[in-house]
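Note that this is a predicted model, so its numbers are computed, not measured.
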Amino acid sequence: MAAIYSGIHLKLKSPRTPWTDKLKLARFAWISPQCFLPNKEQVLFDWTSHALTGYYSKKVEFPQDVLEGLWAYLNDILHSKKLQKVLSQGKTLSLRLALAQVINDRILEFASGMSPLSVSTVLSCCKGILSSPVLSVTYTTRYELLVEFLTRLCGLACPRPSQQPEAHVQPQVFELLLLALNSYLVVQRQQANPNRVFTQVTTHLLQPLLLLRHLLTTHVWPVEDDIRARQHLSREIRGKVDSVLQSALYMPDHLNSYKEELLPNKELQASTRGPARKGVLTPVNTILQKLCDPGLCDPTLHFTVRANSIPLLFKFAMDAFCRTVDNKSICFHLLTRFVTALDFTVELTTNDGFNPENWSLALLALENLLNFTLSGDLYNVAADRIQHGEEQFNFYRKVAQLLLYSAQPGIPAWYRCLKALLTLNHLVVEPDLDELVSSAWVDSDCIEARVKKARETLVIAVIQTYTKLRQLPRLFQEVLAVVCRPAADELRQPLLSAALQRNLNQCLLDSPPNQSLEMWRLILERMNSYLLPDLEGKEDMALKLLSLSDLLHVVLFSVRSLDASSPLPILRQTQTLMEETLTLIALLFRLLSGKAQEVPWFQSTHRAVLLLSYTWVEVDTLFEIHCSRYKRSPTEKGFSLLCGVEMDDWEKVLSVSHCCGPLSEHLQMLLTLQRMKKLLLSTDAFRDGDIQHAMCLDAQFIIKMGKMLFCQASEELWDMQLNSVNNNTFPVAHWFLVTSNLGLIAPYLSDGDMSHIADVLLDSLLQEYYPDVPEKEVTHLSVTQISKQLLDSTVLVELSPLYSIIVRSLLQKIVKLLCSSEQGSQCQALLRFGEELQATVQVEKEAADTEARGSSTEISPVWKRLESISQAVVQTTKANTSLTLTGPEMKRLVQFLEVIRALNPDAMSPEGHSECFLFLFFMATKLQSQCDAEPANVTRLLTEIYCLMTSMQSGRNEGSILKVVHGSELLEAVISSVSSLSKSMTQTVDSPAWLEFVQAVQSFLQCLLQVIIRRRKSVRLNLEKFTSFLVDGEVAASALSSPQDELEAGSLVSLQLLLASLSMLCQTMTANLGESSKLDETLLKLSERAVCTLGPALQLCLNGQACGLLGQAFSVDVVTVMVQAELSHATSDGEEEDKLKGLTHMSLYRSFAQQVLRELSSAPRPMDFLFSSLNFLAAYYSAEGMFREANLTELFVSILQNLKNLMSASWLTASELQELEAPVMEVLAQLVSRITQEQLHVLLEALKEGLSSTPVRSGHFKDVLSAVTLTKLLVSCPLPETCHKAFWFLVPQIISALVFIAQECGKDPVLAGGLAVPALDALTVVLRQGEGVLSNPHHVGLVFGALQLVPLELPSSKDFHSVFHAVHELLFAIIQCHPQVMLKAAPSFLNCFYRLVVSAMQEGRQRAEGERGCEAESEVSVKCAMLVERMYTHIASVAEGFTVLSSFIVAQYVSELQRVTLQPEIKSHLTEGIYKILDLCVEQDIKFLSSTLPHGVREVFNELYSSYTHYHKTQRQGEAKYTV
């Protein structure tokens, strides 16, 4: 065979062999092991290279398909496992230089779009070459070849727009590009000649790499790609490009070249030291020439790429050269060159030829340059002035002038550039402060959100800067001058937005009082001298007056109030300014009096004078309250707001407020509120009838102003600023004013006004549109938001009359909705309800008057009317009628119910509470749906109603409904209505919605029965009537009349209803036994009667198919109630003969128990069934124990085995198993309450089997978990005295088994959360219950062996927290319940605790941006730190065992603290804990630590001890003075 294939080499070389055959032979030779060629891999590789180079050098010709086959063959070779195997064996394989050049040429063809070849094949070949260190030598040893390859590859990745890049730029290109960049970086770092690298990069790579970086930043990946993976790839490539450019352009060897080009001669001579080295000439000029070269990229992208690249290159220079102070001058001069390269300036003057469309890009680049200057700390004011003659300052001044005199207020970056210059030095913009205030603040009219935010940020920075300089009046002098310039004032935005007002408020509070007064004086001076003389008839002056009034309002509302400590000069200046302000207000009132109000100047002036008046009144009142030395002129009676203003002028001006816009109306309401407050403060306010009348008129006026505003719901948001009150925001502002002052005005409102408030509140809550408040605008309000806050507040609760009207108004709206249906309009009870709601107000007034006169000896008329309504409702439920609702009507009703749920039942009056409950009861018993509404929606609606009625029967008004109707009537009506409802909805009887509805009805029945029993009025009568109704009524007859083998649908619902109601009746009566003997007698008698009916009904349910339809859990719950009821009856009976008889239905219970035990753990079961079954088993075993004490072992073993099987079931999750612990413990408690020695032996054997080493090592972890859980629960159960000692005698063996399990879990971190935590929890319970019982400290000390091996380094934060908490609780149980162990095992204890400290620090360390976890992980870290603090605190409280080791604890802490940087919140908890340990350290311990700790750790300790001495120790010593 070797002879046959030995001639392949000759055939490949032969010109007579067709190329297609040659290609086939080459493929065969590569894959066939029977072809023997010397150095076969290199031969075939060379043949392929020779064929390809020959074709492209025109020496060989063959068809296109052969060419593609050769490339595919080369690709197969490069990616074959055979080649990898050959190379891994150490064989060499060389790539011809000519082939590398061919590959470079093909990539160039692909970039130009002229190659007919497949791009992916050639790129795959390149990837195979670069991925192999052996093959890539051809590129890595020839630097220029690799540069050429990378350049052309960048050209392929950055096609021109005319080349349709979407057609051929594939993700494969970027993957190859990353590989090539990695190879190039290695080669570049190995180059010995930095000038060669600089030249190659600037000549060939700078432009392609910058263009590539820009395109990658803006690239949008196709939808079919993995976006996250591609974005990661893009970030990797950008990082490599940055590394290439920074290491090539800014090498340390080039520093002298940069100095020679950039620095002036003086600085150059001072900075140049040592022998000169030959470097590149003019590196900056070379870089800028490449950046400004028109051939950089497509003309449409040229400036964009340049603007994005200049800050990047400057950042690289900063990172390379700014590590020392000496080189910062180089970076500054480089900054000047880069700023000039942005083209918008020529020698820092505006370039007239600059394209205006590029301003945004240029300013973004300039912003980045200035920010890098700030972060690099290039500008030192003192050094620049002393050493460089303010060279930098003059440059920044020119930049600021350029920005201000070529203002671009529509671009956010323009504002940010000015802010950066302001941050550098406020003197940079100080000479042009007026232009800054004008362009960036007062006259800036752009309202786009991004621009507005940038503008506010700049203005805030200006205000804060001048606040720190104590020159705020200087700034506002310029603001006033700009405001008073001639301008189109109607186009100006409000001078102060909400954000600016908040910031100015804080700045004024931080400023000295005289500065606020100086600003006040400046504003008044401008108004008096500039505006007032030319105000009349001029709209622009009136608008300027309004702007200054708004500014003065903000200033005065932010100024510190006068008080007893105010200096006398400040007091006198304030009084003078108050008088001048009042004089100005009086002049304005006289000016407006009698003028035509239709003209614009009048309306603006009107708003200004009212704003000034309101501001003056508020400030005057504040000063008067807080400063007794403040003197004000006495006011005239009847006009208690402004002295010095004529009454006629005041009335004339206020009478036209409605013509001057919403702001004037709003200000008039604010002034009215101020007058009401002043009237209330007068001494005769409650005796003077005129004052009371005036208060009523003012309150009604405020409400009247807004009555016309709420004809439709407002969707506007208001920022709570007066200057933003307009036609759209006025409803919100008015509603906010009313609700925030409701406590003041509500007592003086008429019923009509309160009804209006109720209507607005409800309409806003019930509207379908809820305007969303952006997260960043939390201070913005809407009508709906205000209403929600009002409904949740305590203010409304205290206004009982208004609350009653709101409830009544809500009920009226529901009545109106129900009456819109055909049945509702004919329902007499509903119509009467509506009539009574209308008449209740007058009736309540009459009742209140009668009660006030003290002549009320009869029942209140309100209760009489409620009694008549209740009777009508009860009678209606007996009639076979219903109210049907459509889908939209049901949706609307759900909204009403949501409002009712938000109401506070305790805030309602007893009458209103009963009224609301009656109406809910009426709806619950009468509502049905039409055919277009799904039955499930009706049941959900009724479920909500029953839940509401249940929640209303608690609190202050509990049982108030029973004053007007008997409880039995309500109970009977509920059962009747549910029964009638079920007849039309039998198809949903087994649906989740129906079962939830039945549970809601049961809850309501239980609640109402409980109220009846607690009231102790007619208990027997009500319960007997209801029991008789259930036992002898139609529901029982319908349920028990069907044959047992097959139940009809109607009978099935009746059976379900009968079982649910009777079981709830029995359960409630059983729960209330023991209150009194007379009551017990009644309850036992009735429960026995109910059980007699429950028995046959339950038999019917169990024998047929009803049990499956009604749900297993439902049936089990009913049987459990029967058992408990019969047990209660048996335990209360004193005769021994009756006890021996057993329970009446014991045979039923036994068969049922057998069925439950068969189904409990045999297959996956719903959780509700498991809960019910466990509760039944606990009750059933208790019953068997009472009547069959001798033969319980078999039942005991059966229940125990089923519990064990259930707890080890594979279909139970860890959380479900945890939920089952409580009912399982209840069963265990019953099992061990009468346990015998034999049964205890069986129980311990069962536990021993699960806790042994066999199931642990064999991997049966569910069995182990079952035994561990049962052990934990068993230890918590009280044992009889006969078995208690025997059990605790064996507990040491249990501890050893649990420790072994925890240690085994330490070998597999996967088991840490699932098995180790339950084992540790069980040990914790054993140690806590064994306090005083476990006498041998060795048995307790065994647990340290488990704690030292439990893994704490877990990937899941949830598992970590559970393990951490379990270890901490076990340690805490040892130190708290077994302190004697600490005397011998303190080192072991501290070692285990130190593991917790270390893990808490590791979890709580500060992380990098990419390593930060979610909020849940942060919460886990905080919880763990709090547990460590708790342990430190407890250790300090039991100082006897740790005094000697306190210094050791501190040393451990600081040693670990030195290794990590903690998050602030974590550090605060741990620090507070270690402070408690430092309290134990004496002076000798501190000296010992200071002298023995390593240097780095000692610094950490000194810092810790310093903070301890400064904060904690002084506080503790101060508290000790007052400690007895």
Side-chain angles (χ1 to χ4, degrees), residues 553 556-557 610-611 613-622 624-625 640-642 654 657-658 662-682 685-686 691-710 714 718-722 724-725 729-765 779-806 907:
H553 168 77
L556 292 184
F557 268 54
L610 289 189
L611 180 56
S613 301
Y614 167 66
T615 304
W616 189 91
V617 172
E618 282 273 13
V619 174
D620 178 69
T621 305
L622 190 69
E624 185 182 8
I625 292 173
S640 55
L641 290 178
L642 294 172
L654 288 187
S657 295
H658 63 281
L663 180 56
S664 291
E665 293 180 284
H666 188 70
L667 290 169
Q668 186 175 355
M669 287 189 290
L670 289 171
L671 287 168
T672 305
L673 273 173
Q674 287 301 313
R675 182 163 58 189
M676 292 182 68
K677 293 176 182 178
K678 286 183 176 282
L679 288 174
L680 275 179
L681 290 174
S682 62
F686 296 99
I691 292 181
Q692 291 286 323
H693 180 65
M695 295 285 288
C696 292
L697 291 178
D698 286 344
Q700 292 170 14
F701 168 77
I702 293 172
I703 300 301
K704 181 182 177 182
M705 292 284 282
K707 280 190 175 180
M708 300 301 295
L709 301 174
F710 294 98
S714 173
W718 182 49
D719 61 1
M720 301 176 65
Q721 304 302 321
L722 288 177
S724 62
V725 175
T729 60
F730 186 38
V732 191
H734 177 268
W735 186 233
F736 177 73
L737 184 144
V738 170
T739 54
S740 57
N741 295 278
L742 202 55
L744 173 64
I745 64 176
Y748 304 99
L749 294 178
S750 63
D751 294 336
D753 292 334
M754 286 195 284
S755 297
H756 167 72
I757 293 176
D759 290 337
V760 174
L761 175 68
L762 296 174
D763 290 342
S764 60
L765 291 172
T779 57
H780 287 56
L781 295 175
S782 66
V783 173
T784 303
Q785 186 182 359
I786 296 170
S787 298
K788 287 180 179 178
Q789 293 174 357
L790 177 63
L791 198 64
D792 296 336
S793 70
T794 58
V795 175
L796 198 60
V797 173
E798 296 174 359
L799 303 173
S800 182
L802 178 59
Y803 208 87
S804 298
I805 290 178
I806 291 173

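Side-chain atoms of Thr729 come within 3.5 Å of backbone N or O of Ser724 as a donor-acceptor pair. Checked by atom type and distance alone, the side chain of Asp620 never pairs as donor or acceptor with a backbone atom of Trp616 at under 3.5 Å. Between the Ser657 side chain and the Glu665 main chain, no donor and acceptor come within less than 3.5 Å of each other. The closest donor-acceptor contact from the side chain of Trp718 to the backbone of Gln721 lies under 3.5 Å. Ser782 contributes a side-chain N or O that, together with a main-chain N or O of Gln785, makes up a donor-acceptor pair within less than 3.5 Å.
With sequence neighbours left out, Asp753 forms a salt bridge (Lys or Arg N to Asp or Glu O under 4.0 Å) with Lys707.
Atom-to-atom distance recorded for His756:NE2 and Ile703:CD1 is 6.0 Å, nearest 0.5 angstrom. Expressed to the nearest 0.5 Å, how far CG of Leu737 lies from CG of Leu673 amounts to 5.0 Å. To the nearest 0.5 Å, the span separating CG on Leu610 from OG on Ser664 amounts to 5.0 Å. Between the OG atom of Ser804 and the CG atom of Leu799 there is a distance of 10.5 Å, given to the nearest 0.5 Å. Atom OG of Ser800 sits about 10.0 Å away from atom CD1 of Ile805, to the nearest 0.5 Å. Rounded to the nearest 0.5 Å, atoms CE (Met669) and CD (Gln674) are 13.5 Å apart.
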**Request:** Dump the intermediate steps for side chain to side chain contact (heavy atoms under 4.5 Å, CB included) on Lys678 and Val617, then the final yes or no.
**Result:** CA-CA 10 Å; Lys678 286 183 176 282; Val617 172; 4.1 Å; yes
**Item:** Audit row: Tyr748, Gln700, side chain to side chain contact (heavy atoms under 4.5 Å, CB included) steps and yes/no
**Value:** CA-CA 8 Å; Tyr748 304 99; Gln700 292 170 14; over 6 Å; no
**Message:** Between Leu667 and Leu670, is the side chain to side chain contact (heavy atoms under 4.5 Å, CB included) condition met? List the steps.
**Reply:** CA-CA 5 Å; Leu667 290 169; Leu670 289 171; 4.2 Å; yes
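Residues Ile702 and Met676 form a side-chain contact, since some pair of their non-hydrogen atoms from C-beta on lies under 4.5 Å apart. Contact check for Ile757 versus Trp735: side-chain heavy atoms found under the 4.5 Å cut-off. Counting heavy atoms from C-beta outward, Val760 and Val738 have side chains that stay 4.5 Å or more apart. Contact check for Ile806 versus Leu796: side-chain heavy atoms found under the 4.5 Å cut-off.
Aromatic ring pairs are classed by plane angle as parallel below 30°, tilted from 30° to 60° and perpendicular above 60°; the pair Phe557 and His553 is tilted.
Within the structure, salt bridge (Lys or Arg N to Asp or Glu O under 4.0 Å) contacts touching residues 697-706 (residues at least two apart or in different chains) are Arg675-Asp698.
Contact record, Leu765 with Lys788: CD2-CG, 3.6 Å, taken as the closest heavy-atom pair. Between Ser764 and Leu761, the shortest heavy-atom contact is OG-O, 2.8 Å.
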